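Since the structure is predicted, the reported quantities are computational estimates derived from the model, not experimental observations. Note that these values count all heavy atoms, side chains included, but never hydrogens, waters or copies made by symmetry.
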Amino acid sequence: QVQLVESGGGLVQAGDSLRLSCAASGRTFSSSYAMAWFRQAPGKEREFVATIHRSGGRTYYADSVKGRFTISRDNAKNTVYLQMNSLKPEDTAVYYCAADPSSSFGSSSRAQYLYWGQGTQVTVSS
């Protein structure tokens, strides 16, 4: 089994920055997994934010966060990060980490990901 634990969320003002972390563990976890971040705002469906290749050398972002958010990973630490800059009130959501053991590079589809964390709340005030 694989466990994903997110941290780093909090309450910030518009224009501030936050860095989220996702620590992966478990007997079957491998640094070869594609990893991603999703988010879910109240009353809305969970949406894709960013994904990263298992090597860390390739990334893909939702248009809504492109240029403001950066996904990265440290395979030696089994940790994925999401650096969020220039935060906006519309970024307010629960942020989830996800892992796909079947691919080297993820997609924007929730269905592709087998493992999910419990989420961390990010609230951006105006």
Side-chain angles (χ1 to χ4, degrees):
Q1 190 57 278
V2 172
Q3 293 81 41
L4 303 176
V5 179
E6 302 95 337
S7 62
L11 172 62
V12 297
Q13 293 186 333
D16 285 351
S17 299
L18 275 177
R19 189 176 82 154
L20 305 183
S21 299
C22 171
S25 62
R27 188 169 59 87
T28 59
F29 181 79
S30 168
S31 60
S32 68
Y33 292 2
M35 301 293 293
W37 287 95
F38 285 75
R39 67 186 183 185
Q40 188 166 16
K44 295 188 177 181
E45 292 193 353
R46 193 170 299 187
E47 66 175 6
F48 169 77
V49 174
T51 187
I52 187 166
H53 188 273
R54 63 185 181 188
S55 70
R58 185 178 167 196
T59 58
Y60 176 68
Y61 297 91
D63 288 342
S64 59
V65 306
K66 199 174 298 182
R68 299 187 298 122
F69 291 10
T70 302
I71 187 172
S72 61
R73 65 191 296 164
D74 184 338
N75 286 340
K77 296 181 178 180
N78 286 344
T79 301
V80 178
Y81 304 97
L82 185 68
Q83 178 66 43
M84 305 185 296
N85 298 330
S86 301
L87 282 161
K88 304 175 181 180
E90 51 263 43
D91 294 319
T92 295
V94 177
Y95 283 71
Y96 296 91
C97 176
D100 173 17
S102 65
S103 302
S104 59
F105 188 57
S107 77
S108 59
S109 171
R110 288 177 295 173
Q112 180 172 341
Y113 297 89
L114 180 60
Y115 302 110
W116 293 84
Q118 293 300 306
T120 185
Q121 176 71 47
V122 172
T123 303
V124 184
S125 63
S126 57

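- Partners of Ser32 according to the side-chain hydrogen bond (donor to acceptor under 3.5 Å, both in side chains) rule, which considers only residues two or more places apart in sequence or in another chain, are Ser30.
- Both Val2 and Ile52 are part of a single hydrophobic cluster, where members link through side-chain heavy atoms under 4.5 Å apart.
- Between Leu18 and Phe69 the shortest side-chain heavy-atom distance does not fall below 4.5 Å.
- Residues forming a salt bridge (Lys or Arg N to Asp or Glu O under 4.0 Å) with Arg46 (at least two apart in sequence, or on another chain): none.
- Here ring-ring contact (aromatic ring centres under 6.0 Å, His included) pairs that include residues 76-107, with residues two or more places apart or in two chains, number zero.
- Looking at residues two or more places apart in sequence or on another chain, you find a side-chain contact (heavy atoms from CB on, under 4.5 Å) between Ser107 and Ser109, Gln112.
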Distance-only criterion, 3.5 Å: show the donor-acceptor pairs between side-chain atoms of residues 117-124 and protein atoms not counting sequence neighbours.
| residue | atom | partner | partner atom | Å |
| --- | --- | --- | --- | --- |
| Thr120 | OG1 | Gly9 | N | 3.2 |
| Gln121 | NE2 | Ala93 | O | 3.4 |
| Gln121 | NE2 | Thr123 | OG1 | 3.3 |

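- Under the 4.5 Å side-chain contact rule for hydrophobic residues, Tyr115 and Val5 do not share a cluster.
- Here the shortest heavy-atom pairing between Ser102 and Asp100 reads OG-OD1, 2.7 Å.
- Taken from CG in Leu82 to CE in Met35, the straight-line distance is 11.5 Å, to the nearest 0.5 Å.
- Between the Tyr33 side chain and the Ala98 main chain, no donor and acceptor come within less than 3.5 Å of each other.
- Qualifying side-chain contact (heavy atoms from CB on, under 4.5 Å) partners for Ser25, counting only residues two or more places apart in sequence or in other chains: Gln3.
- The closest side-chain heavy-atom distance from Val12 to Met84 is not below 4.5 Å.
- Checked by atom type and distance alone, the side chain of Arg73 pairs as donor or acceptor with a backbone atom of His53 at under 3.5 Å.
- Qualifying side-chain contact (heavy atoms from CB on, under 4.5 Å) partners for Ser86, counting only residues two or more places apart in sequence or in other chains: Arg68.
- Phe38 pairs by the ring pair (Phe, Tyr, Trp, His ring centres under 6.0 Å) definition with Phe48, Tyr113, Trp116, not counting sequence neighbours.
- Scored by the salt bridge (Lys or Arg N to Asp or Glu O under 4.0 Å) test, Lys44 finds no partners at all (sequence neighbours excluded).
- Among pairs with a residue in residues 4-23, those fulfilling side-chain hydrogen bond (donor to acceptor under 3.5 Å, both in side chains) read Ser17-Asn85, at least two apart in sequence or across chains.
- In terms of heavy atoms, Thr79 sits closest to Ala23 at OG1-CA, 4.2 Å.
- Residues Ala14 and Pro89 approach most closely at CB-CD, 4.1 Å, considering heavy atoms.
- The CD atom of Gln83 sits 9.0 Å away from atom CG of Leu20, with the distance rounded to the nearest 0.5 Å.
- Residue pairs meeting the salt bridge (charged side-chain N to carboxylate O under 4.0 Å, His left out) criterion with at least one partner in residues 32-42, sequence neighbours excluded, are Arg39-Glu47, Arg39-Asp91.
- Residue Leu11 shares its hydrophobic cluster (ILVMFWY side chains chained together at separations under 4.5 Å) with no other residue.
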